[in-house]
Every structure is written in C-alpha cells, then in structure tokens.
Amino acid sequence: MSEPFRGPEDEWRVREARRAIEAVLTAATEPVEPRFLAELVELPVEQVEALCAELGDEYERDGRGFVLRRVAGGYRLQTHPDLAAYVEQFVLEGQHVRLSGPALETLAIVAYKQPISRAQVSAIRGVDVETTLQTLMQRGYLTEVSRDPGPGLAVLYGTTALFLERLGLDSVADLLPLGDFVPDAGIVEALERGLRVSDDPTNVEESTDPVDG
C-alpha cells in the first residue's frame with residue numbers, strides 16, 4: 001500500500017486526524033461511518049480507514065482494555081473481548097436483561113433467513129413466536145423491513161444495526177456459515193438412533209400444543 005502522507009505538514013495532519021478520530025469515537029454512542037469521519041478531518045475515506053486500521057493495531061499491540069472495530073458499517077471503540085467477564089459483571093450485576101433461550105433461537109432464525117414472516121418463524125420453531133418477536137423488537141434487535149407481496153401482505157422481519165453492533169459484525173454477510181454448526185454424519189446417525197420412535201403403538205405419546213417459553 002502506498003504511503004498517503006508525506007512531509008512535515010502531512011505528518012502533522014495525520015497526527016491531528018488520529019487524535020480527532022479517537023476523540024469522536026470516544027464520545028460516540030453508535031458506530032461512526034468512515035465517510036463522516038473523513039468529512040470531519042477533511043481527508044479521503046481511504047486514508048481515514050487506513051488510520052483506523054493503524055489505531056486498532058496499536059491498541060492491540062499495547063494490550064489496551066478496548067479495541068477499535070468496524071461494526072454495522074462504521075467504527076467504534078468497544079471493550080476487549082478478553083475482558084468480557086469483568087464488563088458483564090459490572091453492567092449486568094443485579095439485572096436480568098439476558099435474552100431467553102427461545103428468544104435467542106427466534107433471533108437466530110430471523111438473522112439467517114431474513115426477510116421472514118412471523119408465520120415462517122413459527123413454522124420453523126414449532127411454536128407461536130408473536131410475543132417473542134415483540135420482545136426482540138422492543139430490545140431493538142429486529143424491525144419490520146417489508147411486506148410479503150403474496151396474499152395477506154404479511155410483515156417481514158429483519159435484524160437491525162443494533163444487532164450487528166452487539167455482535168461486532170459489519171453486515172449480516174459476516175455471520176458464521178450455518179455449516180459450522182452442523183454436526184458430522186456420525187453424530188447425526190447417533191441422534192437419529194436415540195430419537196427414533198418405536199413402531200410399537202404402545203410407545204406413542206399423546207401430543208400437546210407447544211408453547212413458546
């Protein structure tokens with residue numbers, strides 16, 4: 001990569017730009033787009049992105065308690081992943097704000113299948129997810145993105161910038177491939193043996209309507 005800055009004046013500009021970027025990201029409560037940072041420091045977007053990369057590498061080398069990450073289309077300073085236990089204890093002590101298992105399952109389905117309707121999510125989970133979707137929308141992780149053009153014009157849901165921000169992702173394309181969570185053939189075979197229902201009619205249990213917990 002070619003050097004974007006040359007000469008004493010340019011060296012002063014880059015030092016000032018680095019300080020300005022740090023100040024803005026420290027004050028920001030949401031990811032800041034590189035375009036906006038470029039306008040603030042009056043430098044090309046590519047140079048601002050290079051400066052952010054340099055700052056991030058510098059924080060890592062110094063072993064700081066925070067990192068500079070590109071998430072949800074912008075840059076932000078956030079706590080170092082290695083210190084999550086301390087931060088969690090500080091932020092969540094005495095509070096019950098964690099998502100339930102069903103909520104996490106619903107959120108994962110929407111994240112990977114979006115845009116998706118409530119009926120489709122319910123079909124995948126096997127339970128009515130209306131209340132769970134409302135909770136996730138209240139938390140700011142899901143939003144209504146469009147309407148199904150088919151009969152009924154069902155609302156279609158998708159994830160938000162806050163969802164990407166909390167996961168430290170720049171876009172949904174950065175989600176881990178689903179294949180990473182699929183067990184190998186041996187495990188699947190063992191599960192099938194364990195879950196196989198006997199042909200003996202005396203082993204058939206009475207079914208009940210599932211309820212989302």
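Residue indices begin at 1 and follow the sequence shown.
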message: Under a 3.5 Å distance rule, please check whether Gln114 uses its side chain to pair with a backbone N or O of Thr159 as donor and acceptor.
response: yes
- prompt: What salt bridge (charged side-chain N to carboxylate O under 4.0 Å, His left out) pairs are there with at least one residue in residues 58-67, not counting sequence neighbours?
  reply: Arg18-Glu58, Glu60-Arg69, Asp62-Arg64
message: Going by side-chain hydrogen bond (donor to acceptor under 3.5 Å, both in side chains), name the residues that satisfy it together with Ser122, two or more places apart in sequence or in a different chain.
response: none
message: If hydrophobic clusters are built from ILVMFWY residues whose side chains come within less than 4.5 Å, do Val127 and Met137 share one?
response: yes
message: Are Arg118 and Val155 packed together at the side-chain level, in the sense that at least one heavy-atom pair is separated by less than 4.5 angstrom?
response: no
Mind listing the side-chain donor-acceptor pairs of residues 145-153 below 3.5 Å, one per line with the distance, residues two or more places apart or on another chain?
residue	atom	partner	partner atom	Å
Arg147	NH1	Leu153	O	2.9
Asp148	OD1	Gly150	N	2.8

- prompt: What about Val67 and Val24, same hydrophobic cluster or not, with Ile/Leu/Val/Met/Phe/Trp/Tyr joined at side-chain heavy-atom distances under 4.5 Å?
  reply: no
I'd like a table of donor-acceptor pairs (distance under 3.5 Å, sequence neighbours excluded) in which one partner is a side-chain atom from residues 25-38, with atom names and distances.
residue	atom	partner	partner atom	Å
Thr26	OG1	Glu22	O	2.7
Glu33	OE1	Arg35	NH2	3.1
Arg35	NH1	Glu39	OE2	3.2

- request: Apply side-chain contact (heavy atoms from CB on, under 4.5 Å) to Leu164 and list each qualifying residue two or more places apart in sequence or on a separate chain.
  value: Ala72, Leu169, Val172
field: Ala17 versus Leu51, closest heavy-atom pair with distance
entry: CB-CD1, 3.8 Å
query: Is it the case that one hydrophobic cluster holds both Val71 and Leu167, taking links as side-chain heavy atoms less than 4.5 Å apart, direct or via other members?
result: no
- request: Kindly compute the distance separating CG (Leu107) from OG1 (Thr135), expressed to the nearest 0.5 Å.
  value: 11.5 Å
task: Could you pull out all residues at least two apart from Asp82 that satisfy side-chain contact (heavy atoms from CB on, under 4.5 Å)?
output: His80
- prompt: Do you know which two heavy atoms are closest between Cys52 and Tyr75, and how far apart they sit?
  reply: CB-CE2, 3.7 Å
task: In sequence, state the C-alpha distance, the side-chain angles, and the governing distance for Leu133 and Val110, and then conclude on side-chain contact (heavy atoms from CB on, under 4.5 Å).
output: CA-CA 10 Å; Leu133 285 175; Val110 175; 4.3 Å; yes
field: Pro115 versus Leu156, closest heavy-atom pair with distance
entry: CB-CB, 3.8 Å
message: Holding to side-chain contact (heavy atoms from CB on, under 4.5 Å), I want the full list of residues that pass it with Thr160, two or more places apart in sequence or in another chain.
response: Thr143, Leu162, Phe163
query: Partners of Glu144 by salt bridge (charged side-chain N to carboxylate O under 4.0 Å, His left out), sequence neighbours excluded?
result: none
task: Would you kindly confirm whether Ile124 and Val129 end up in one hydrophobic cluster when ILVMFWY residues are joined by side chain heavy atoms under 4.5 Å apart?
output: yes
message: My understanding is that only residues two or more places apart in sequence, or in another chain, count here; which of them pass salt bridge (charged side-chain N to carboxylate O under 4.0 Å, His left out) with Glu16?
response: Arg19
message: When you compare the side chains of Gln134 and Thr131, does any donor N or O come within less than 3.5 Å of an acceptor on the partner?
response: no
Residue list, ring-ring contact (aromatic ring centres under 6.0 Å, His included) with Tyr59, at least two apart or on another chain: Phe66
- request: Locate the shortest heavy-atom distance separating Gln120 from Ile116; write the atom from each residue and the value.
  value: OE1-CG1, 3.3 Å
- line: Arg70 meets the salt bridge (charged side-chain N to carboxylate O under 4.0 Å, His left out) criterion, sequence neighbours left out, with Glu49, Asp170
field: Approximate separation, where rounding is to 0.5 Å, of Leu104 CG and Ile109 CD1
entry: 11.0 Å
